[in-house]
Amino acid sequence: GSRGADESVDSVCPYCGVGCQISYKLRDGTIAYVEGRDGPANESRLCVKGRFGFDYVASPQRLTVPLIRREGAPKNLDVDPTNPFTHFREASWEEALDAAANGLARIRDARGGRAVAGFGSAKGSNEEAYLVQKLIRQAFGHNNVDHCTRLCHASSVAALMEGIGSGAVTAPFNDALLADVIVVIGANPTENHPVAATYFKQAVKSGAKLVVMDPRGSTLMMRHATHRLRFRPGTDVALLNAMMNVVVTEGLVDRDYVATHTEGFERMEAHLAAYTPEAMAERCGIEAGTIREVARLYATAERAMIFWGMGVSQHTHGTDNARCLISLALMTGQVGRPGTGLHPLRGQNNVQGASDAGLIPMVLPDYARVGDEAVRARFEAAWGFPVSAQPGLTVTEIIDAIHAGDIRGLYVMGENPAMSDPDVVHAREALAALEHLVVQDIFLTETAMYADVVLPASAWPEKTGTVTNTNRQVQMGRPALPPPGEAREDLAILVDLGRRLGLPWDYAHARDVFAEMARVMPSLANITWERLEREDAVTYPCPAPDAPGQAVVFGDAFPRAGGKALFVPAGLRDPAETPDADFPMVLTTGRQLEHWHTGAMTRRAGILDALEPAPTASLNPRTLARLGLGAGESVRVETRRGAIVLDARADAALQEDMVFVPFAYVEAAANVLTNSAIDPDGKIPEFKYCAARVVRA
Ligand code: SF4
């Protein structure tokens, strides 16, 4: 083929929720390069991660043998990932799997299954996610299983389930090309969903209006925006309620739509009366006239779409933020037609699929509530074991339960809570306090450094499985390489672990797991493994075995009792920790184009690491000048929970008195600083807001 590849294997990009289809081009048994394929989400486009982010697979730091902690080795981060043998010894698979299973079983038998919890992964396949939730539910008899959706869109999903009866997007992001008005709020797609951003920019070029609303209005996206609203951090509800006030008071409500498709509007209308743009302008830092203009633009558009990200969801009022977006779309009838809709941009490549598969403590596959007796009866009949009626603990609650001594054993597959959790020093102390920690991963991650048993697993290009992107497209991932050394496919490790825990599991292949999922998950109706092998991607819901899936949903009815969506009013609440004299600035955290989440993969990818090799704290140039600091100088960022030292970077996109730190760098871990206060509904931590100060280091 081109550029001298020996072989080409079709798969999906393992980074973000956009779900670009790719071909691995192999030469001499390694991935020589990657090309974009004509998938439904990407139409051959790729970003820098999808194009250049694959040499982590061949990193010398890959785990190639099972590891068992040496007697008395201290549990801390002082392990060199290139030489784990100071703290661990090599073990056979037999010994390591026995140790992993026996350690967890011992805790279960002594203290009950509730003393064990599991974290699955939004970076694994649907089949792996399904088996992790089933492992915890079947082997330990409860629901203490969660994953990083808790840190990502849990609040959006809570609001969507409540308001429209479904947690997934109502339309694909590609429909932006059909929209007259595109609203992007609390998201930075140019860096975090880069190929989706190309569709937004393309739409603007053909005449669409792009409204970007963000306290950290990324210059990259703002450049294309027709309307830029850099509102004060944490004031989303004030801004959105004011927009809805305009819709109501200026007679822009789609009364037919509201009457036919919704309920609760009278209460909403009364609630909004106090939120005039004039009353909210100062709070959110946006002029009343601008709020009015943007509200009119959205409400009177023939077709308008709303996209949002972690800037909306990662707040103690994250569910309220999402409730407002849903209400705004409903009262203007901007849902259910092509070019309209609600689209929370999903972060991880498979956070949609892992959530659908039931990797959530309060719901079973397809969001079936564990508290519902009929739901449990259905799953008990299909699975052949009793399902606990009590919702399990979430990611941050599990950390607290370890500190309280209630959880003693933890199984972590492909997640890195020692970097990703808020107030991460507290989280690391919990990991160190565990009686038994089993970590299954491809590197000795910061979390694996605390493990008693480490199981060397497969990278995405080394395994078979399906993943579901932000557009509800279920896509086929194929292996291009064998796992290195003795490392094994994750699914096989899970099955062996399950068997050792006494489960009668006989899954020989991912397709067997998928077949079971399709039996218990109505969302997968008419989507078979064979079909995915043939077509590579099928959107759910899908009406027939030979029909394409439904890209736009809820044109006729919402999946709620009575078929109507619900307006849920939201009031003003301050963030959990606001600036004061000691900590006068606002810290916000997030990602960068080149690095993925905790950096486990991308910091071991040569080109990506070369592009962004070191941690930085971004500040507005005026704030830097006021602090007497220059770009490139070393600064200390401090909060009530800790301090990190890193280089200052000038970024005019940030408001004054804000500081932005990406969370991918262990040497200056942003989550040492973040607040673990959570949203009461979505149980998501407030990564996007806490009080901080910045001083010269
Ligand atoms: Fe991969 Fe997302 Fe980039 Fe596409 S946009 S290549 S899925 S990281």
Visitor: Would Arg603 and Glu667 pass as an ion pair if we require N to O under 4.0 Å?
Guide: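 Yes, Arg603 and Glu667 are salt-bridged.
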
Visitor: Looking at Trp93 and Ile493, what are the two nearest heavy atoms and their distance?
Guide: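 Nearest pair, atom of Trp93 first, then Ile493: CH2-CD1, 3.6 Å.
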
Visitor: As a quick check of understanding, evaluate side-chain contact (heavy atoms from CB on, under 4.5 Å) for Lys49 and Leu608, giving each step before the final call.
Guide: CA-CA 7 Å; Lys49 287 189 291 287; Leu608 299 177; 4.1 Å; yes

Visitor: Closest approach of Phe379 and Ala368, non-hydrogen atoms and distance?
Guide: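 Heavy-atom minimum between the residues: CE1-CB, 3.8 Å.
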
Visitor: Please report the interatomic distance NZ(Lys688) to OG1(Thr674), rounded to the nearest 0.5 Å.
Guide: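 With rounding to 0.5 Å, NZ (Lys688) is 10.5 Å from OG1 (Thr674).
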
Visitor: Any donor and acceptor pair, going by atom type alone, linking the side chain of Thr539 with main-chain N or O of Gly549 inside 3.5 Å?
Guide: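 No, the answer is negative, given that no donor and acceptor are paired below the 3.5 Å cut-off.
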
Visitor: Crowded around Arg378 CZ? As in, over 12 foreign heavy atoms under 6.0 Å?
Guide: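 More than 12 within 6.0 Å, yes.
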
Visitor: Does Arg478 pair with Asp536 as a salt bridge, N-O distance under 4.0 Å?
Guide: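 So Arg478 pairs with Asp536 through a salt bridge.
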
Visitor: Let me confirm one number: the CD1-NZ distance from Ile360 to Lys683, rounded to the nearest 0.5 Å.
Guide: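 One finds 12.5 Å between CD1 of Ile360 and NZ of Lys683.
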
Visitor: Donor-acceptor pair, distance only, cut-off 3.5 Å: does the side chain of Asn675 make one with the backbone of Ala677?
Guide: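 It does hold such a pair.
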
Visitor: Atom CG in Asp366, atom OH in Tyr540: separation rounded to 0.5 Å?
Guide: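 Reported value, rounded in 0.5 Å steps: 7.5 Å.
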
Visitor: For a quick check under 3.5 Å, do Tyr450 and Asn76 share a side-chain donor-acceptor pair by atom type?
Guide: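 There is no such pair (donor and acceptor under 3.5 Å, judged by atom type) between the side chains of Tyr450 and Asn76.
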
Visitor: With Glu415, which of Gln440, His597, His147 fulfils side-chain contact (heavy atoms from CB on, under 4.5 Å)?
Guide: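 Of all the options given, the one that passes is His147.
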
Visitor: Enter the distance from Met517:CE to Tyr130:OH here, rounded to the nearest 0.5 Å.
Guide: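 Output value for this atom pair is 7.0 Å.
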
Visitor: Scan side-chain atoms only and decide if Asn143 and Gln390 contain a donor-acceptor pair under the 3.5 Å cut-off.
Guide: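 Gln390 and Asn143 do not have a side-chain donor-acceptor pair below 3.5 Å.
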
Visitor: So do the side chains of Leu494 and Tyr411 get within less than 4.5 Å of each other, counting heavy atoms only?
Guide: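 Yes; the side chains approach each other to less than 4.5 Å.
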
Visitor: Is a side-chain donor or acceptor of His509 paired with a backbone partner of Thr464 at a separation under 3.5 angstrom?
Guide: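 Not a single qualifying donor-acceptor pair exists.
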
Visitor: I'd like to know if the side chain of Arg62 and the backbone of Ala58 have a donor-acceptor N/O pair within less than 3.5 Å.
Guide: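 Side chain of Arg62 to backbone of Ala58: no pair is present.
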
Visitor: Does a side-chain N-to-carboxylate-O contact under 4.0 Å join Glu127 and Lys463?
Guide: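 Lys463 and Glu127: not salt-bridged.
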
Visitor: Can any side-chain N or O of Gln314 pair as donor or acceptor with the backbone N or O of Leu151 at less than 3.5 Å?
Guide: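 Here the side-chain-to-backbone pair exists.
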
Visitor: Any luck finding a side-chain donor-acceptor pair between Thr468 and Asn126 under 3.5 Å?
Guide: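 Judged by distance alone, the side chains do pair up.
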
Visitor: So that I can tick it off, tell me whether Glu94 and Arg500 are bridged by a salt bridge, with the cut-off set at under 4.0 angstrom between side-chain N and carboxylate O.
Guide: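 Answer for the salt bridge query: yes.
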
Visitor: Assess whether side-chain contact (heavy atoms from CB on, under 4.5 Å) is satisfied between Lys134 and Trp383, documenting all intermediate values.
Guide: CA-CA 9 Å; Lys134 197 175 173 191; Trp383 282 347; 3.9 Å; yes

Visitor: Please tell me if the side chains of Asp681 and Glu162 come closer than 4.5 Å, counting only heavy atoms from C-beta onward.
Guide: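 Counting from C-beta outward, Asp681 and Glu162 never come under 4.5 Å.
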
Visitor: So which heavy atom on Leu26 is nearest to which on Ala480, and how close?
Guide: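 It is CD1-O, 3.5 Å.
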
Visitor: For Glu686 and Thr316, does a side-chain donor sit closer than 3.5 Å to a side-chain acceptor?
Guide: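 A pair is found: one side chain offers a donor N or O, the other an acceptor, under 3.5 Å apart.
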
Visitor: Assess the residue pair Asn416 and Glu446 against the criterion (side-chain hydrogen bond (donor to acceptor under 3.5 Å, both in side chains)); give the C-alpha distance rounded to whole Å, side-chain angles, the decisive distance to 0.1 Å, and a yes or no.
Guide: CA-CA 7 Å; Asn416 193 6; Glu446 291 73 18; 2.8 Å; yes

Visitor: Answer yes or no: is there a side-chain heavy-atom contact under 4.5 Å between His426 and Ile399?
Guide: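 Yes, their side chains come closer than 4.5 Å.
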
Visitor: Any sub-3.5 Å donor-acceptor pair from Thr64's side-chain atoms to Gly485's backbone N or O?
Guide: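 Between the backbone of Gly485 and the side chain of Thr64 there is no qualifying donor-acceptor contact (under 3.5 Å).
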
Visitor: Quick one: does Arg641's side chain get under 4.5 Å of Glu577's, heavy atoms only?
Guide: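 The answer is yes; the side chains approach within 4.5 Å.
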
Visitor: Is any side-chain heavy atom of Arg472 closer than 4.5 Å to one of Ser166?
Guide: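 A side-chain contact under 4.5 Å is absent here.
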
Visitor: Quick check against the 3.5 Å criterion: does Gln475 have a side-chain atom that pairs as donor or acceptor with the backbone of Gly19?
Guide: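 Side chain of Gln475 to backbone of Gly19, a donor-acceptor pair under 3.5 Å: yes, one is there.
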
Visitor: Measure up the His315 and His317 rings against each other and bin them: parallel (under 30°), tilted (30 to 60°), perpendicular (over 60°).
Guide: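 Ring orientation of His315 relative to His317: parallel.
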
Visitor: Ignoring hydrogens, what is the shortest heavy-atom contact between Lys123 and Asn349? Give both atom names and the distance.
Guide: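 What the structure gives for the nearest pair is NZ-OD1, 3.1 Å.
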
Visitor: So does Asn471 get a backbone contact from the side chain of Arg346, meaning a donor-acceptor N/O pair under 3.5 Å?
Guide: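 Pair absent, no side-chain N/O of Arg346 close to backbone of Asn471.
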
Visitor: Are any side-chain N or O atoms of Arg376 and backbone N or O atoms of Ser388, one a donor and one an acceptor, separated by less than 3.5 Å?
Guide: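 No, Arg376 side chain to Ser388 backbone: no donor-acceptor pair under 3.5 Å.
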
Visitor: Under a 3.5 Å threshold, yes or no: a donor from one side chain and an acceptor from the other, between His436 and Asn102?
Guide: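 Short answer, no.
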
Visitor: Side-chain contact test, heavy atoms from C-beta onward, threshold under 4.5 Å: evaluate it for Arg108 versus Arg114 and give yes or no.
Guide: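 A side-chain contact under 4.5 Å is absent here.
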
Visitor: Answer yes if the side chains of Thr394 and Glu397 hold a donor-acceptor pair under 3.5 Å, and no otherwise.
Guide: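 Looking only at side-chain atoms, Glu397 and Thr394 do form a donor-acceptor pair, the distance falling under 3.5 Å.
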
Visitor: If the threshold is 4.0 Å, N to carboxylate O, is there a salt bridge linking Lys75 and Asp452?
Guide: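 Judged by the 4.0 Å cut-off on N to carboxylate O distance, Lys75 and Asp452 do form a salt bridge.
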
Visitor: Stepwise, does the side-chain contact (heavy atoms from CB on, under 4.5 Å) test hold for Phe663 with Phe687?
Guide: CA-CA 10 Å; Phe663 66 97; Phe687 289 115; over 6 Å; no

Visitor: Between Ile644 and Ala669, which heavy-atom pair has the shortest distance, and what is it?
Guide: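 Residues Ile644 and Ala669, closest heavy atoms: CG2-O, 3.5 Å.
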
Visitor: Distance from Ile407 atom CD1 to Leu393 atom CG, nearest 0.5 Å?
Guide: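 One gets 5.0 Å once the value is rounded to the nearest 0.5 Å.
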
Visitor: Nearest 0.5 Å, please: how far is CE in Met601 from CH2 in Trp596?
Guide: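 These two atoms lie 9.0 Å from each other.
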
Visitor: I'd like to know if the side chain of Asp423 reaches the main chain of Ser676, judged simply by a donor and an acceptor atom lying under 3.5 Å from each other, with no hydrogens or angles considered.
Guide: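 Side chain of Asp423 to backbone of Ser676: no pair is present.
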
Visitor: Please test Gln352 against Thr470 for side-chain contact (heavy atoms from CB on, under 4.5 Å), starting from the C-alpha separation and ending with a verdict.
Guide: CA-CA 6 Å; Gln352 182 65 57; Thr470 191; 5.9 Å; no

Visitor: Between Leu524 and Phe514, is any pair of side-chain heavy atoms under 4.5 Å apart?
Guide: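 Counting from C-beta outward, Leu524 and Phe514 do come under 4.5 Å.
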
Visitor: With the side chain counted from C-beta on, respond yes when Thr598 and Thr445 share a heavy-atom pair under 4.5 Å apart, and no when they do not.
Guide: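 In short, these two side chains do not touch, never coming nearer than 4.5 Å.
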
Visitor: Please work out whether the ring planes of Tyr24 and Phe54 are parallel, tilted or perpendicular, with thresholds of 30° and 60°.
Guide: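 If you compare the ring of Tyr24 with that of Phe54, the planes turn out perpendicular.
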
Visitor: Closest heavy-atom contact between Ser458 and Asp490?
Guide: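 So the minimum-distance heavy-atom pair works out to OG-OD1, 2.6 Å.
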
